Amino acid sequence: MGDFNAAVVLDAIRRSVNGLSRVELGHSTGLSAQTVSNICRRLIDRDMVLEAGKASSGPGKPRTILKLNPGGVYAVGVHLDPAVMTFAILDLTGAVVHRSRSATPAASDPDHVVRHIVEEIERLIREAGVDRAKIAGLGVATPGPIDPERGTVVDPPHLLGWHLVPLRDALAQATGFEVIVDKDVTAAAVAEMWAGGPSGVGSFVFFYLGTGIGAGLVLRDEVVRGSSHNSGEIGHIIVDPDGPPCGCGLRGCVAVTCTPQSLVRAAVRLGVLTASKPNADARETDVQFSALCELAEGGSDAALAVLEQSAGRVAKAVSVLTNLLDVDRVVFGGPYWSRLSRVYLRRIPGLLDELTVARSIHRIEVAGTGVGEDVGAVGAACLVLDHTLAPRAARLILG
C-alpha cells in the first residue's frame, strides 16, 4: 500500500504542468495530509522530487510547490527494428537526455545484434555523462510476438533467425541493468502517454508504422497488452478484397498492402521505382521507400497515387479498430511516419470520418505522435519509468 500511494503521489506531480503543493496533492489523491507529508519527505530524500519555490493562492502562508527532479532517475531505451536501431536515455520527466541511431547489423544473427546493443548503450551512457547508479533500468522495444514471462523474442516475421531468443536475460547479464522487454507497438503507446502531451491522454489507438504495422491500445490512461502481452497484431485485417494474396490464405490484408515493403513492390510494378536486388533486406527496403516518398514530394503523380492508395487502405484498418474500441483518437507514429505524415494527415481524417459509425455522437481525432520519430526507443525507456513509478492496482494484490 505504501508503494502504491507513493506512486499515486509521484504520478500526480508528474502530470501537473506547474507542480503541486502538499495540500493540492491531498485533494487530488484523496490521501491524508500526514500520508502525503510522509511520502513527499521520502521522495525528496530519494532525490525524486524537488521543492521548487513558493506559491500563494490567497490568505495564509504561501505553499511549497513540489516538482519532479529530472536528474533523480534515468532510464535507457532501445528500439530494435529490422532496418534501424534507436537508443535513448530519458530523465525522470520523460525528457530525452541523449539519443542515437544506427543501422541494424546482420539482423538474422541475434548474438551479433545483442553485442551491438550493449556497445551502443555503454557509449550512450558515457556521452550523456549520466550517473550509472541512477539508471533505473533498460527497456527494449522489439517486434512481436514475445514471451513476457521468459523475456524472449518468438519468431518475428521480419527478424529471420530469431527463434526463442532470450533477449531480456542476455542484455541483463551484459549490462547489469534490470531489463524490460515489450512489443514495439506497446512501447510506442506508453511513450505517447508519458511524453506525447495532449495526444497521449484518455483513450487512443497508436497506429505504428515500421517495418511491420501494428497497433498499441490505451483505454482511460491504461495500456492494454492482452493476456499474453501480444495485443495489436492487426496485419490480417482485410483492406482490399481484390488485393495480393497473403501468407494467411486471405487476400488484401494490411500485411501485404500497407507495409513499406508492399508499397515499394507496388511502385516497382507501376514503374515508379526500379526493382531492387532479389531478397532485399529491411535496410534496402528503407532506402527504396525513402526514394518513393521523395518522388511523391517532388511532384510525381504516380508515386503520390501509391501513397494515397495506402492512406485509403490504412483508414479502413483504423476504422475497424476505432469502431470496435470507441476511442477518442488515433495517433500515428513509428520509424516510417515522418515520410508519410503529409499525405496521411491530408487524406485519412476525412476517410475515417466517413467510416466512423458513431460520428454523429463524437468524431475521431487523427494526430501524429507528439514524441517524434524515435518513439520506439523513447517508449522503451518509458516502459522502465512506467514500471518503476506508475500506480498499478496489481501492486495492492497480496501474494
Side-chain angles (χ1 to χ4, degrees), residues 75-83 85-87 104 106-118 121 136-191 193 206 208 210-219 222-236 247-248 254-255 259 282 334-335 375-388 390 392-395 397 399:
V76 180
V78 178
H79 177 209
L80 172 59
D81 181 86
M85 291 194 298
T86 50
F87 302 80
T104 303
S108 61
D109 182 352
D111 291 337
H112 186 192
V113 173
V114 168
R115 286 194 298 271
H116 182 81
I117 290 174
V118 172
I121 287 171
L138 166 64
V140 184
T142 176
I146 62 169
D147 182 338
E149 295 297 324
R150 296 175 176 83
T152 56
V153 181
V154 186
D155 298 315
H158 299 292
L159 284 175
L160 300 179
W162 283 64
H163 176 65
L164 300 177
V165 175
L167 188 59
R168 181 188 63 198
D169 292 348
L171 288 173
Q173 183 176 0
T175 64
F177 295 129
E178 180 180 353
V179 178
I180 299 174
V181 174
D182 213 331
K183 288 182 60 177
D184 44 16
V185 295
T186 302
V190 172
M193 290 176 60
F206 191 101
Y208 179 87
T211 302
I213 289 179
L217 175 61
V218 174
L219 294 179
E222 290 282 345
V223 179
V224 178
R225 287 180 166 87
S227 60
S228 72
H229 283 223
N230 283 294
S231 65
E233 295 293 340
I234 63 169
H236 298 299
C248 71
V254 166
T259 60
V375 65
V378 172
C382 285
L383 291 171
V384 176
L385 297 178
D386 188 63
H387 177 76
T388 305
R392 287 187 183 79
R395 293 181 177 180
I397 298 173

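Just so it is clear, the model here is predicted, and its values are computed rather than measured.
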Side chains of Met85 and Ile117 in contact at under 4.5 Å (non-hydrogen atoms):
yes
Pro335 vs Tyr208 side-chain heavy atoms within contact, under 4.5 Å
yes
Does the Arg168 side chain pair with the main chain of Pro148, one donor and one acceptor, at a distance under 3.5 Å?
yes
Calculate, to the nearest 0.5 Å, the distance between atoms CD1 and NE2 belonging to Ile146 and His229 respectively.
7.5 Å
Nearest non-hydrogen partners of Phe206 and Ala188, listed with the distance
CE2-CB, 3.5 Å
Report the distance from atom CG of Asp81 to atom NE2 of His158, rounding to the nearest 0.5 Å.
9.0 Å
Does Leu217 offer a backbone N or O that forms a donor-acceptor pair with the side chain of Ser231 under 3.5 Å?
no
Once rounded to the nearest 0.5 Å, what's the spacing between atom CG of Asp184 and atom NE2 of His79?
4.5 Å
Scanning both residues in full, the closest heavy-atom pair of Val218 with Ala189 reads CG2-CB, 3.9 Å
Of all the heavy-atom pairs spanning Leu80 and Pro143, show the shortest one and how long it is.
O-CD, 3.0 Å
Heavy-atom closest pair (Leu138 atom, Val384 atom, distance to 0.1 Å) is C-CG2, 3.6 Å
Does any non-hydrogen side-chain atom of Val154 lie less than 4.5 Å from one of Leu164?
yes
Of all heavy-atom pairs linking Pro157 and Gly144, the shortest is CD-O, 3.7 Å
Do you know which two heavy atoms are closest between Val78 and Phe87, and how far apart they sit?
CG2-CD2, 3.6 Å
Taking side chain as C-beta onward, heavy atoms only, is Phe177 less than 4.5 Å from Leu171?
no
Treating Asp155 as the side-chain partner and Pro145 as the backbone partner, does any N or O pair qualify as donor plus acceptor under 3.5 Å?
no
Is any side-chain heavy atom of Val118 closer than 4.5 Å to one of Thr175?
yes
